[in-house]
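Below: the structure, in structure tokens.
By convention here, the first residue in the shown sequence is residue 1. We count ligands from 1, going down the list as the structure has it; atoms in each ligand are counted the same way.
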Amino acid sequence: MNCKKLEQYPNVFLLPQTNQLKALLTIIRDRTTKRPDFVFYADRIIRLLVEEGLNHLPVVPKKITTPLDIEFEGVGFEGQICGVSIMRAGESMEQGLRHVCTGVRIGKVLIQRDEETAMPKLYYSKLPLDISDRYVFLLDPMLATGGSAIEAVRVLLRANVPEERILFINLICSPEGISNMTAAFPKIRIITSEVDECMNEQKFIVPGLGDFGDRYFGTN
Ligand code: URA
């Protein structure tokens, strides 16, 4: 899969804008799309994103023998990965990661806006014990201001995950979110399927798809 780099952001990777991807995004953006279809088609995009994320992992030479008793010089993944979902919407992406990486360890962080300071605040985190040895797929479908994602990355850095081993997997970004994330953490890779126009006053991405968590989990 050849992923187009956004020119001014060398670590932001946009999925190829194929007709298939455009059609999938159109379905999940459509306000008339019912929940089962929203889940089904969002899951398909998540799968494409996770597959693209795996393309960014290093490989090492690996020699195997085929059933024809012939030695074959292939490659194998060098490191191990884990997922960390930003609750609640990021949890929707866990299944897509599990489908591609069986038995993958998945941590969680809960970050919400502090009513007093209006700043993102960490309420809960549970991470795999060996996370500092792994590549981390940080999962959140919508990158709006970037406040929660930036706080989540701080949690990972405090757990000694090197910045360059973090891949932020995301369906739709706002330009402001990309700008804030890349300014704070230039070495993180952002894998996304779409960069939208802007945010509205309520910090929803425009044109966007509404509240992803509500539509995916049926709480709207
Ligand atoms: N989170 C969402 O679910 N939707 C947005 O538009 C922005 C953040």
Side-chain angles (χ1 to χ4, degrees), residues 6 9 12 14-15 17 21-22 24-50 53 83-97 106 108-115 117-125 137-155 166-185 188 190-220:
L6 289 171
Y9 300 112
V12 177
L14 186 63
L15 288 186
Q17 298 295 294
L21 177 62
K22 287 181 194 164
L24 297 176
L25 282 164
T26 304
I27 293 169
I28 63 168
R29 285 183 191 280
D30 187 341
R31 67 194 294 174
T32 68
T33 298
K34 299 271 185 300
R35 185 171 163 235
D37 277 345
F38 183 87
V39 170
F40 181 82
Y41 291 103
D43 284 349
R44 283 192 53 193
I45 300 171
I46 291 164
R47 179 79 181 244
L48 295 174
L49 289 164
V50 171
V84 172
S85 60
I86 302 180
M87 292 161 76
R88 169 184 69 144
E91 292 173 300
S92 66
M93 303 172 77
E94 294 177 2
Q95 192 59 29
L97 182 59
I106 298 184
K108 289 180 194 281
V109 292
L110 174 61
I111 292 156
Q112 283 179 334
R113 194 165 165 268
D114 185 316
E115 293 306 328
T117 63
M119 299 297 286
K121 181 175 167 188
L122 175 68
Y123 282 88
Y124 171 84
S125 74
F137 281 30
L138 182 61
L139 309 173
D140 196 0
M142 305 294 279
L143 178 68
T145 62
S148 303
I150 287 172
E151 192 55 39
V153 172
R154 291 200 183 111
V155 174
I166 301 171
L167 292 92
F168 182 65
I169 312 288
N170 157 266
L171 275 88
I172 300 183
C173 299
S174 76
E176 190 181 323
I178 290 194
S179 161
N180 292 343
M181 269 288 265
T182 53
F185 308 113
I188 284 180
I190 299 178
I191 317 283
T192 189
S193 59
E194 185 73 297
V195 183
D196 267 4
E197 284 162 27
C198 58
M199 282 182 292
N200 67 13
E201 283 174 6
Q202 290 76 40
K203 305 295 182 197
F204 274 90
I205 297 174
V206 175
L209 48 69
D211 188 303
F212 188 97
D214 277 349
R215 294 190 67 193
Y216 195 96
F217 294 113
T219 46
N220 52 348

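You'll find the side chain of Y123 stays beyond 4.5 Å of the side chain of M87, heavy atoms only. The side-chain heavy atoms of D211 and N220, taken from C-beta on, include no pair separated by under 4.5 Å. Counting heavy atoms from C-beta on, the side chains of E197 and P207 come closer than 4.5 Å. Between L171 and L49, the closest side-chain pair of non-hydrogen atoms falls below 4.5 Å. Contact check for S193 versus L25: side-chain heavy atoms found under the 4.5 Å cut-off. For the pair T219 and R88, the minimum side-chain heavy-atom distance is below 4.5 Å.
Polar contact with ligand 1: present for I205 (N/O pair, distance under 3.5 Å). Of the N or O atoms in F204, none lie within a sub-3.5 Å distance of an N or O in ligand 1.
Contact analysis leaves S174 out of contact with ligand 1, as no non-hydrogen atom separation drops below 4.0 angstrom. For the pair R215 and ligand 1, no heavy-atom separation below 4.0 Å is found.
Interface of K203 with ligand 1, defined as ligand atoms under 4.0 Å from a residue heavy atom, comprises 7 (C). Per-residue contacts place G210 under 4.0 angstrom from the following atoms of ligand 1 (heavy atoms of the residue considered): 2 (C), 3 (O), 4 (N), 5 (C), 6 (O). Applying the 4.0 Å criterion to heavy atoms of F212 picks out, from ligand 1, the atoms 2 (C), 3 (O).
Atom 1 (N) of ligand 1 has as its closest protein heavy atom M142 CB, 3.7 Å.
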